[in-house]
Peer 1: 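Below is a structure I'd like to ask you about.
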2 protein chains.
Amino acid sequence: MPATPAVPDGKRPTLAHVAARAGVSVALVSIVMRGAYGASDATRERVLRAAEEIGYRPDTRARLLRSSRSRLLGVQFGLRHPFHTDLVEGIYAAAEPAGYQVALSAVAPSRGERQAVEALLADRCEALILLGPEVPAARLAELGAQVPVVSVARRLRPAPPGVDVVRSADDEGARQAVEHLVALGHRAIVHIDGGRAPGAADRRRGYRTAMNRHGLADHVRVLPGGLTEEDGARAARTLLAEAPRPSAVLAFNDRCATGVLDTFLRAGVTVPDEISVVGFDDTRLARLAHIDLTTVAQDIPRIAQLAVGRAIARLDGEDVPDGENVIPPRLVVRGTTAPPGGAGRG
Amino acid sequence: MPATPAVPDGKRPTLAHVAARAGVSVALVSIVMRGAYGASDATRERVLRAAEEIGYRPDTRARLLRSSRSRLLGVQFGLRHPFHTDLVEGIYAAAEPAGYQVALSAVAPSRGERQAVEALLADRCEALILLGPEVPAARLAELGAQVPVVSVARRLRPAPPGVDVVRSADDEGARQAVEHLVALGHRAIVHIDGGRAPGAADRRRGYRTAMNRHGLADHVRVLPGGLTEEDGARAARTLLAEAPRPSAVLAFNDRCATGVLDTFLRAGVTVPDEISVVGFDDTRLARLAHIDLTTVAQDIPRIAQLAVGRAIARLDGEDVPDGENVIPPRLVVRGTTAPPGGAGRG
DNA sequence: CCCACCGTCTAGAACGTTCTAGATGCTCCG
DNA sequence: CGGAGCATCTAGAACGTTCTAGACGGTGGG
């Protein structure tokens with residue numbers, strides 16, 4: 001005679017089913033499932049066996065509903081930005097050992113930041129980690145008033161209460177790039193910027209300051225760009241049309257830089273012989289031999305770790321000092337930069 | 001005198017708070033918030049205003065706990081695969097208009113497929129959409145017995161009950177690639193495969209069949225590869241060491257193909273003059289001018305739409321016929337293929 | 001004038017879990 | 001022998017929502 005399944009029809013097994021099968025109370029099963037104190041080894045084993053047998057799986061939502069803490073970190077990211085997806089990997093790696101779960105909410109063409117964040121809040125995330133948020137600062141302040149918020153890669157001055165900032169020293173990164181180009185002998189260095197994108201203002205400023213410091217104030221030139229390949233390509237087309245072209249370009253990020261490279265290549269302008277190009281982010285893309293892009297690397301694991309750390313510290317009620325966490329970037333020299341006039345590549 | 005906030009301290013507002021403020025019952029507020037039938041226009045407006053004023057936000061988890069349906073689709077994807085992230089965008093676009101929410105669970109170095117799926121099930125997803133799952137078929141069958149499962153890009157023969165398959169005609173794609181190369185005059189065409197990756201077996205078979213059909217059985221050669229750049233690079237290094245090299249390479253996917261291109265480029269082997277290369281997926285990467293990769297495009301929006309459609313159909317209890325949904329791919333000819341011996345590029 | 005019916009609203013029980021408060025029985029100590 | 005103290009276990013109330021059943025007043029047909 002086959003044992004009657006303890007679980008009715010299509011319903012999924014609950015604590016009560018396990019309890020019935022193991023012959024104990026629901027509360028005790030809860031204790032065992034959580035690994036909490038208060039059950040003998042013998043019953044513990046018996047309960048676990050019963051749970052295993054009927055395929056019990058705890059219901060996160062019911063669990064969170066009851067307990068005051070949800071231990072859930074909400075992460076908003078852009079699916080198309082390798083920089084973001086790499087950060088997400090780091091966030092998983094940092095959050096799970098600390099006993100926090102991660103809820104992802106992507107920004108996509110059909111799904112704005114507002115929608116992405118609303119979903120996270122409705123899911124009861126205790127804190128928000130926003131990767132490169134582009135909403136107005138006022139909106140971030142509003143969110144910060146509700147839950148701890150960590151803004152990654154987006155500077156806020158001053159940071160509203162409840163909002164932490166973790167970012168690379170974007171100005172410093174731009175400075176390193178300019179120093180490198182100047183050391184190679186470049187003077188006409190143009191910056192294709194990121195417009196209103198997070199970090200863009202700092203990179204612009206870093207570029208300007210470095211240029212001025214080297215007495216190149218006359219050569220300062222910022223071209224409107226953006227964070228996609230298309231934005232880079234558009235700016236590059238402007239440069240192509242010019243009589244004496246600049247000898248070097250500092251792009252807002254790697255995607256933008258590949259758009260620039262792409263356009264130059266199609267137009268027969270050789271890089272770095274005729275013009276040098278520098279990116280920002282050091283994505284996997286930049287490392288490929290065809291692209292082999294000189295770029296400014298951000299310390300992604302460290303940024304992820306810090307972002308999670310700040311969020312958790314706030315949740316644990318630690319009295320985190322207000323202020324930004326700024327992480328130094330590092331220039332990675334590859335094949336798209338060379339002295340002007342073309343000593344050339346390889 | 002400032003109005004006393006209807007909501008105590010740090011707690012977030014609930015239906016009860018809204019009800020108290022609007023002077024109606026909790027049940028009525030629930031009706032209004034859901035937009036359900038059973039409230040007059042006057043009270044409806046009054047309740048909505050009260051909710052707005054105290055910043056009420058429904059609690060998804062409590063909502064799901066109570067109602068039998070969760071209207072939640074769980075999606076497992078790989079953060080590093082542009083093919084997956086593009087699909088996720090399509091899935092959002094298809095699911096939300098149909099009234100379903102999407103829960104994302106990423107596979108990362110620190111987080112295997114088992115863990116990713118467990119998280120989705122614990123969150124009460126009604127159906128699972130798995131992008132390129134690599135777990136054993138038995139495991140998928142086991143999952144299919146619990147909830148509707150859609151396996152995207154991974155073939156299963158036979159598909160276990162409860163498991164739908166949506167995929168490109170991988171064999172057909174490989175065939176198109178071979179046809180193209182043969183038409184250009186190639187004979188020694190080698191395939192760098194995807195090992196045990198989803199779709200790899202079909203692409204291998206399509207390659208073999210097409211080669212045989214053209215009387216090139218003697219030239220059939222499958223080199224072990226994989227789905228990352230590194231896998232492609234490794235295989236390319238093997239080829240570089242050989243005396244007469246093949247004249248064309250069909251790589252498992254675009255990432256693998258870029259690894260191949262990369263290695264050839266660094267070794268001074270010109271593409272397509274000395275050797276032609278074809279990828280698979282038509283990622284944004286392939287379209288960049290430096291790479292300009294001939295590749296097999298998959299119809300991503302259609303795949304996403306179909307995957308969501310099948311999941312929802314199963315949930316709605318429609319009697320979906322078992323069987324795969326196979327979508328034809330399309331070869332995109334770009335700059336990495338040319339006749340052998342080098343009439344060359346540009 | 002009665003009753004059925006409709007639109008509007010409400011009380012209270014679910015959902016699956018955790019938490020609080022306490023019950024039970026055992027051991028150990030004076 | 002009488003508690004105190006401990007380990008183990010349990011009943012029942014929460015959590016914030018939806019659902020079921022029904023209450024209430026007004027209207028209209030016979």
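The chains referred to below are lettered A, B, ... by the order of the sequence lines, with proteins before strands, and numbering in each begins at 1.
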Peer 1: Side chains of B/R21 and B/Y56: donor-acceptor distance under 3.5 Å anywhere?
Peer 2: no
Peer 1: Hey, is CD on B/E45 packed in by over 12 heavy atoms from elsewhere, all under 6.0 Å?
Peer 2: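 Open.
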Peer 1: Please check if atom CD in A/E134 has more than 12 non-hydrogen atoms from other residues, nucleotides or ligands closer than 6.0 Å.
Peer 2: yes
Peer 1: Is the CZ atom of A/R139 crowded by more than 12 outside heavy atoms at less than 6.0 Å?
Peer 2: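 Yes, the 6.0 Å shell around CZ holds more than 12 heavy atoms from other groups.
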Peer 1: Residues from residues 36-47 of chain A sitting under 4.0 Å of DNA chain D, heavy atoms only?
Peer 2: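 Close to the strand are A/Y37, A/G38, A/A39, A/S40, A/T43.
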Peer 1: With a 6.0 Å cut-off (strictly less than), is the heavy-atom count around CZ of A/R157, excluding the residue itself, greater than 12?
Peer 2: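 Open.
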Peer 1: Tell me yes or no: between the side chains of B/R111 and B/S105, is some donor less than 3.5 Å from an acceptor?
Peer 2: yes
Peer 1: Decide whether A/R34 and A/S30 meet the rule of one side-chain donor and one side-chain acceptor closer than 3.5 Å.
Peer 2: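 Side chains of A/R34 and A/S30: pair found under 3.5 Å.
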Peer 1: Please say which of B/I303, B/L73, B/V102 ends up in a side-chain contact (heavy atoms from CB on, under 4.5 Å) with B/V308.
Peer 2: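 With B/V308 as partner, side-chain contact (heavy atoms from CB on, under 4.5 Å) holds for just one option, B/L73.
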Peer 1: Check this for me: B/E118, atom CD, are more than 12 non-hydrogen atoms of other residues, nucleotides or ligands nearer than 6.0 Å?
Peer 2: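 Yes - once you tally the heavy atoms of other residues, nucleotides and ligands closer than 6.0 Å, there are more than 12.
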Peer 1: Can you see whether A/Q305 engages A/R310 through a side-chain donor-acceptor pair at a distance of less than 3.5 angstrom?
Peer 2: no
Peer 1: End-to-end bend of the helix from C/dC1-D/dG30 to C/dG30-D/dC1 (five-pair axes, 10° rounding)?
Peer 2: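 Inter-axis angle at the ends, rounded: 60°.
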Peer 1: Along nucleotides 16-24 of chain C, 5' to 3', which nucleotides get a B, which get an S, and which get a -, given that the test is a protein heavy-atom distance under 4.0 Å?
Peer 2: BBBB-----
